[in-house]
Amino acid sequence: MITGIRAGIVAVLIVVTVTLQVSIFSHFSISGVVPDLALLVVIAAALVRGPNYAALVGFVAGLVLDLAPPADHTAGRWALSFVIVGYATGMVRSDGETTVPSTLFLVASGAFIGTSVFALTGLVLREPGVDVAGALRVVPVAIGYDLLLTPLIIPLVLLLFRRLEPAERW
Amino acid sequence: MSHQPQRSRAGLGLLVLACVTIITLDARHDVRASPVDPLRFTVAAVLGPVEDGAAAVLRPVIDLPDHFGDVKALRDQNHQLQATNAELISRLRAVDANDNRDGALAGIARLADTSGYDVVPSQVVGMGPAQSFTRTVSIDVGTDDGVGPDLTVINADGLVGRVVSATASTATVLLIIDSKSTTGGRLGDSMELGFLAGDGSLSGDGSLQFSLVDHTVSPKEGDSVVSWGSRNGAPYIAGVPIGEVTNVHSSPAELTETATIDPYVDFSSLDVVAVVTAVDGRSTSNQAQEAR
């Protein structure tokens with residue numbers, strides 16, 4: 001029951017995040033790039049709850065991002081990249097404490113891995129519009145924008161996940 | 001504790017497998033039927049109205065500077081003049097093609113006349129990010145308003161794109177500058193036909209590559225390009241202004257000359273667009289496909 005409520009709150013968080021990303025932050029894009037709020041949520045989940053939980057949150061968040069309008073690419077690509085980011089971030093985190101520099105580093109590497117994996121799956125699937133030059137232009141801007149929003153978003157989401165954290169981790 | 005890493009890896013493996021399965025299911029689809037589509041439709045039906053609401057909540061914030069007395073009056077006047085100007089320019093651009101058509105096909109000339117369209121006005125409520133490598137937007141009208149796939153979307157400046165999918169209250173529009181998009185185009189003064197492909201630029205205004213069918217003709221800088229149109233007006237109706245030739249280039253390896261087209265529509269600041277549902281009372285829905 002309690003687990004259900006927790007899962008519900010996380011689901012609402014994911015939907016709100018994706019909506020913000022698609023409808024509102026698209027007005028504040030830097031050369032077309034919109035901050036990856038969903039990715040920040042996945043990284044926060046990894047910081048609090050570890051790799052397994054973060055991979056699950058990443059899967060759900062990525063899938064919503066894949067299916068929510070106006071997405072028009074092959075479904076599952078964001079899901080795959082967020083699963084990888086969530087798991088990798090969770091693995092690194094369990095080695096040490098969460099400090100400000102380490103969080104910034106994890107966000108930067110997470111944004112790099114996430115955007116790159118998405119671009120790579122696009123290259124493998126020969127999706128139109130994906131090329132290496134385009135990816136190289138987009139990735140640095142995405143990392144920069146995500147870092148810019150880290151101080152605003154990460155503490156809030158961390159707080160929420162800490163509140164939600166059950167006694168034992170799985 | 002020793003079993004933890006194994007469990008952890010099993011979970012990761014399952015999730016990655018799930019992702020790969022979804023990608024495989026969705027990537028193998030033809031143009032229309034994908035097993036993931038019902039899921040996509042459900043998510044769109046839930047999130048479409050949410051995005052719609054979020055955009056409506058944000059609008060006052062974005063329009064905040066407008067709420068100052070004198071500035072507001074000036075802005076209103078400016079908007080009005082811009083709208084009038086845009087309409088006049090758009091008519092002027094279609095004149096070339098209209099004049100040519102008038103001789104042989106007087107009836108078709110009306111198609112290019114803006115007054116002949118039945119449109120559903122709508123607002124852009126979501127834009128795809130550059131990280132997704134696509135140029136798509138969501139608009140706040142859907143099948144409830146008579147909007148369905150393969151309808152032409154225009155704004156006061158010219159051709160915006162076409163509807164690729166629609167739910168009850170929202171629709172997704174593929175912009176003509178997306179690299180997936182190919183549009184038939186016609187040079188305004190010589191009536192020559194060609195194909196316009198988006199250049200896939202992920203930000204800003206974008207541009208289009210225009211290649212002519214007849215390689216003995218070369219486009220001139222400053223020529224205007226209008227849409228060629230398809231059967232029953234789906235997915236594109238004829239005679240909508242698209243853009244202006246800014247640069248012509250040919251390579252010895254290629255038979256056709258290509259031209260770079262600067263679109264009239266400002267794709268970086270799309271707001272109010274219109275979906276064309278009928279031209280001169282005739283529906284532009286995809287009857288061609290239903291008949292198949």
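Every chain is numbered from 1 and lettered A, B, ... according to where its sequence line falls, protein lines coming before strand lines.
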Between A:D36, A:L20, A:V141, which has the largest tally of heavy atom pairs under 4.5 Å with chain B?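 The answer is A:D36.
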
Using a 4.5 angstrom heavy-atom cutoff, name the option from A:V18, A:V22, A:V16 with the most pairs to chain B. A:V22

Mind listing the closest non-hydrogen atom pair of [X] and [Y] along with its distance?
| X | Y | answer |
| --- | --- | --- |
| A:G134 | B:F133 | C-CE2, 4.0 Å |
| A:P69 | B:A44 | CD-CA, 3.6 Å |
| A:T74 | B:I23 | CG2-O, 3.5 Å |
| A:A75 | B:I22 | O-CG2, 3.5 Å |
| A:F118 | B:S132 | CE2-CA, 3.5 Å |
| B:A55 | A:S23 | N-CB, 4.5 Å |

Name the one of A:L67, A:L63, A:V15 that satisfies side chain to side chain contact (heavy atoms under 4.5 Å, CB included) with B:V43?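 Per the side chain to side chain contact (heavy atoms under 4.5 Å, CB included) rule, the option paired with B:V43 is A:L67, out of A:L67, A:L63, A:V15.
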
Give me the one residue out of B:T172, B:V164, B:V173 that meets side chain to side chain contact (heavy atoms under 4.5 Å, CB included) with A:P70. B:T172

For the pair A:D66 and B:R40, find out whether any cationic side-chain nitrogen is under 4.0 Å from an anionic carboxylate oxygen.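 No salt bridge links A:D66 with B:R40.
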
Relative to chain A, which of B:T21, B:V137, B:V57, B:T167 shows the most heavy atom pairs under 4.5 Å? B:V137

Taking every non-hydrogen pair under 4.5 Å, which of B:I139, B:V50, B:V36 racks up the most with chain A? B:V50

By side-chain hydrogen bond (donor to acceptor under 3.5 Å, both in side chains), B:S179 pairs with (sequence neighbours left out) none

Passes side chain to side chain contact (heavy atoms under 4.5 Å, CB included), A:F82 versus B:C19? Steps please. CA-CA 10 Å; A:F82 282 5; B:C19 293; over 6 Å; no

A:L125 portion near chain B, given a 4.5 angstrom heavy-atom threshold: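 Looking at A:L125, just its side chain touches chain B.
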
First locate atom CE of B:M127, then atom CD of A:Q21, and finally report the distance between them rounded to the nearest 0.5 Å.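 The CE atom of B:M127 sits 14.0 Å away from the CD atom of A:Q21.
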
Heavy-atom distances under 4.5 Å only: say whether B:L174 touches chain A with side chain, backbone, both or neither. side chain

